[in-house]
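Report on the structure given below.
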Amino acid sequence: MTLLSYLHCNPSKSLTFQRFCSPSRIAHKLFDGSSQRNATTYINHSISESLRRNSPAKALAIFTENLQLGSSGRIMDEVTLCLALKACRGDPRRGCQIHGFSITSGFTSFICVSNAVMGMYRNAGRFGNALCIFENLVDPDVVSWNTILSGFDDNQVALNFVVRMKSAGVVFDAFTYSTALSFCVGSEGFRLGLQLQSTVVKSGLESDVVVGNSFITMYSRDGSFKDAKRVFDEKPVKDMISWNSLLSGLSQGGNFGFEAVLVFREMMREGVELDHVSFTSVITTCCHETDLKLARQIHGLCIKRGYETLVSVGNMLMSSYWKCGVVEAAKSVFYQMSERNVISWTTMISANKDAAVSIFHEMRLDGVVPNEVTFVGLINAVKCYEQIKKGLKIHGICIKTGFVSKVSIGNSFITMYAKFEALEDARKAFDEIKIQEIISWNAMISGYAQNGFSHEALKMFLSAAAETMPNEYTFGSVLSAIASAEDISLKHGQRCHAHILKLGLYSCPVVSSALLDMYAKRGSINESEKVFNEMSVRNQFVWTSIISAYSSHGDIESVMNSFQEMVKENIAPDLITFLSVLTACNRKGMVEKGYEIFNSMTKDYNLEPSHEHYSCMVDMLGRAGRLKEAEELMNEVPGGPGVSMLQSMLGSCRLHGNVKMGEKVAELAMEMKPELSGSYVLMYNIYAEKGQWEEAAEIRKKMRKKEVRKEVGSSWIDVDDNEGSLTTLGFSSGDTTHPKSEEIYRMVEILGLEMNLEGKFDCSLENFSCRNPVSL
DNA sequence: GTAGGGTTAG
């Protein structure tokens, strides 16, 4: 036996030997030409041993040294190259070098080397390169196909590839099945998963442990708990991984948290060994359910079992505390972790927006390299216009480091510039993205919508719908744009409605609450009601939407009924819900009821009323003539009353003819916002109605001096001119700009006469053409 | 079989 084969068979001796001399040197020194096979085996063994011990750097060092010493003849084969490529672990620089070497040395003719090269590119985030190599392979084997399959991140694209594999006659192995099944998410994916199951049975792989586990994951992720349990129960040996498959499937997606916790409890009861995957999976559930109590219990168990110091478990604990709104607890987990990786730091950055930049610097000092997600977190931490400098700096860093070319980074920049109200820059960020995905479109649409550019939002939506498939986010944003723009025809909203039905997005609460709201804001309360009644999932947003819809339509009875029902269904009302209810009380002058609800906000729901809630209450009291109480409440408002509250108070003073209080309030309002005409107009009216013409004239003079103009009010009408116009026409009082205005006024006159004949309304033409009797 | 991010509605 040569020394080499001896060392090969005795790894412990080999290690002792290596303390004095590197494996490559040993191999080269002892390589005598006749035992090249042994020398190569020895090198390969050393490299794979380093990989097994999780030291890829050492594995690469052995490979490199072997190359350098190789002048006397190379000790390597195709396996050596495969191992070296594996050791690159996502480092594209080293990977490219070895790829180059494989080409020049002719090793790429071995299919296993080409497969390893593709795997390397896939792990280095250069999936495009891998794909390119694959498409040029003369005779790919099942491993080549599997390598590519596992690189897709889009479920649909991956499943299309599976279909392509089938039609190319590839014989699936266990790896193909388990990878394919991991993409079987959603109803369509699930259907394909079922098809795969029948072929698994035919191929005799159904007893394969890995494939079985993948089926368990697929079924439990889809909510087919019974099927998951069936596959699970049929397993002859229920190892930890089978249990974990069941658990992790239920934890993902966030719809079966309850079942996940049950499985976890059963694992404990059955005495199944728990590992870091069991813990991370069950903690994921706390994240989705935002169940703080559960998170704390599991955290305790982690400590007891000694898992809390593990990076993956610690990361998940941080994330669940953060999602449950206890950032402090997340921080303390972070500081107690013995080892932190880029995910731990990124979670910290995302959870602490205010300190994001300093945490980022700390991370760099710690020697941790940021990745795409880290930068996304950092960009997200930029909150408002005041932080524009910070945002630009981050943009600069992303350009320098090349991260700017990543789609997710581009998407984040769109949102950031939209926050700065810099829509042109947002648009630039959008245009610079090479291939815009639906998220990019969504970011742009919502940017326009939130900044009041409804028409741009709509245009963007139409382009997006032509280019790609809109999702629930897309419709949420575009519907809110249509809702707030009276000069966009309702037909667009109805088209969206049809589109939503077609795409099967109707059951999504985000979409339907936006739809409901859009119809309500555009006057079709019946449509809103219909949408609401057809909804299966009713969350806080949905309930609030319908309540505010009824409220804005003055249907107080429905408001109160819905509110009670919401509370009964254990959906917590929030600030906006209360605002809608209070607005309704205000409209109907239900002061006592309003007060009761207002007080219950702090008492029963621990909600701090905002300015708007106070405004509503002040207005309610004022309208009811309880001016003194209104004034008192106004003085209780944290930060003092705003101008709109003062103006509503002025309105009440006018209603009840209280000149003295009116003067006091008007003075405050004019001081606060001298450019707003409303304060002057209201005070003018108060004087005018009391016949105090001199004082009224003073107000008029004041207005002229300060060059305050009264804004012209206007309305919109959706005219169906048979030309398919999808915008509405705006018009204001006394407006004669429309080419058919004469005809229109004649019609108004006729309508007015008819209504008068009915005797129900006072509809003199004067009131029609001039909605505000007092003009200045 | 597990962990961080980008788009959403009242």
Side-chain angles (χ1 to χ4, degrees), chain A residues 178 182 209-210 213-214 216-217 220-221 239-249 251-252 275-284 287 310-320 322 341-351 370-380 406-416 418 433 437-447 449-450 464 470-480 483 508-518 520-521 539-549 551-552 573-577 579-580:
Chain A
S178 69
S182 72
V209 185
V210 179
N213 289 340
S214 302
I216 296 176
T217 310
S220 52
R221 194 174 43 205
D239 61 335
M240 181 175 59
I241 297 185
S242 325
W243 280 98
N244 281 350
S245 306
L246 199 61
L247 181 62
S248 76
S251 308
Q252 288 168 27
D275 75 345
H276 60 289
V277 178
S278 330
F279 278 109
T280 45
S281 298
V282 76
I283 304 168
T284 307
C287 253
L310 249 169
V311 202
S312 62
V313 174
N315 288 347
M316 210 49 239
L317 279 170
M318 278 171 71
S319 163
S320 65
W322 167 39
N341 62 11
V342 62
I343 298 182
S344 333
W345 284 100
T346 304
T347 310
M348 270 301 270
I349 289 173
S350 309
N371 63 18
E372 188 181 336
V373 186
T374 319
F375 277 105
V376 167
L378 206 55
I379 301 167
N380 252 340
K406 296 274 178 197
V407 189
S408 63
I409 302 271
N411 295 341
S412 302
F413 278 128
I414 298 175
T415 307
M416 183 186 86
I433 296 173
E437 37 184 51
I438 187 62
I439 301 183
S440 326
W441 289 96
N442 291 345
M444 207 57 232
I445 295 170
S446 86
Q450 285 168 359
N471 64 9
E472 63 267 37
Y473 292 79
T474 327
F475 286 107
S477 295
V478 73
L479 284 170
S480 93
C508 170
V510 173
V511 174
S512 34
S513 71
L515 196 60
L516 189 168
D517 179 60
M518 187 273 299
K521 289 213 173 110
N539 64 12
Q540 190 187 53
F541 270 79
V542 175
W543 279 105
T544 306
S545 302
I546 192 71
I547 290 173
S548 91
S551 175
S552 59
D574 72 353
L575 287 174
I576 300 176
T577 325
L579 192 58
S580 304

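Here is the naming used below: chain letters follow the sequence lines, and residue numbers restart at 1 for every chain.
Here the C1' atom of nucleotide B:dA9 and the CG atom of A:Leu515 are 11 Å apart, to the nearest Å. If you measure from atom CD of A:Glu472 to atom P of B:dT8, you get 12 Å, rounded to the nearest angstrom. Straight-line distance from the CZ atom of A:Phe413 to the P atom of B:dT7: 13 Å, rounded to whole Å. Across the protein-nucleic acid pair, A:Leu479 atom CG and B:dA9 atom P stand 11 Å apart, rounded to whole Å. Here the C1' atom of nucleotide B:dT2 and the CZ atom of A:Phe279 are 13 Å apart, to the nearest Å. If you take CD1 of A:Ile445 and P of B:dG6, they are 18 Å apart, rounded to a whole angstrom. A straight line from CG of A:Asn539 to C1' of B:dT8 spans 11 Å, rounded to a whole angstrom. At whole-Å resolution of the value, CZ in A:Arg221 and C1' in B:dT2 are 13 Å apart.
Listed nucleotides B:dG6, B:dG10, B:dT8 differ in distance to A:Gln450; the shortest reach to its side chain belongs to B:dT8. The side chain of A:Phe541 lies closest to B:dA9, out of B:dG6, B:dA9, B:dA3. Out of B:dT2, B:dG10, B:dT7, the shortest distance to the side chain of A:Ile576 is found at B:dG10. Which of B:dT7, B:dG4, B:dG5 sits closest to the side chain of A:Glu372 comes down to B:dG5. With B:dG5, B:dA3, B:dG10 as the choices, the nucleotide that has an atom nearest any side-chain atom of A:Thr577 turns out to be B:dG10. Between B:dA3, B:dG10, B:dT8, one nucleotide has an atom nearer to the side chain of A:Val510 than all others, and that is B:dT8. Here B:dT7 is the nucleotide among B:dG10, B:dT7, B:dA3 with the atom lying nearest to any side-chain atom of A:Asn380. Set against B:dG4, B:dT2, B:dG10, the side chain of A:Ser248 has B:dT2 as its closest nucleotide. Set against B:dG10, B:dT2, B:dA9, the side chain of A:Val277 has B:dT2 as its closest nucleotide. Across B:dG4, B:dT7, B:dG5, the shortest atom-to-atom separation from the side chain of A:Thr374 is found for B:dG4.
With sequence neighbours left out, the ring-ring contact (aromatic ring centres under 6.0 Å, His included) criterion links A:Phe375 to A:Phe360, A:Phe403. Residues satisfying the side chain to side chain contact (heavy atoms under 4.5 Å, CB included) criterion with A:Ser480, sequence neighbours excluded, are A:Ala449.
Side-chain contact check for A:Ser278 versus A:Leu247: some heavy-atom pair is nearer than 4.5 Å. Here the side chains of A:Met316 and A:Thr284 are in contact, with some heavy-atom distance below 4.5 Å.
Here A:Ser512 contributes atom OG and A:Asn539 contributes atom CG; the two are 8.0 Å apart, rounded to the nearest 0.5 Å. A distance of 8.0 Å separates OG of A:Ser408 from CD of A:Glu437, quoted to the nearest 0.5 Å.
Residue contacts for A:Asp517: at a heavy-atom cut-off of 4.0 Å it reaches the sugar-phosphate backbone alone, with no base atom in range. Using a 4.0 Å heavy-atom distance criterion, A:Ser440 is classed as making no nucleic acid contact. Residue A:Thr544 is in base contact, counting any heavy-atom pair closer than 4.0 Å across all strands shown.
At the phosphate of B:dT7, OP1 or OP2 sits under 4.0 Å from a side-chain N or O atom of A:Thr415. Applying the 4.0 Å criterion to OP1 and OP2 of B:dT2, one finds that A:Gln252 has a side-chain N or O inside that range.
Scanning atom types as modelled, no donor and acceptor separated by under 3.5 angstrom connect the side chain of A:Asn371 and the base of B:dG5. For B:dG6, the base has a donor-acceptor partner in the side chain of A:Asn411 [N/O atoms by modelled type, under 3.5 angstrom]. Donor-acceptor pairing under 3.5 Å, judged by distance alone, is absent between the side chain of A:Ser312 and the base of B:dA3. A:Glu437 contributes a side-chain N or O that forms a donor-acceptor pair with the base of B:dG6 under 3.5 Å. The base of B:dG6 is not paired with the side chain of A:Ser408 by any donor and acceptor separated by under 3.5 Å.
For A:Ser513 (side chain) and A:Pro509 (main-chain N/O), a donor-acceptor pair under 3.5 Å exists by modelled atom type.
For the pair A:Tyr473 and B:dT7, the ring geometry qualifies as stacking, because the centroid separation is below 5.5 Å while the planes lie within an angle under 30°.
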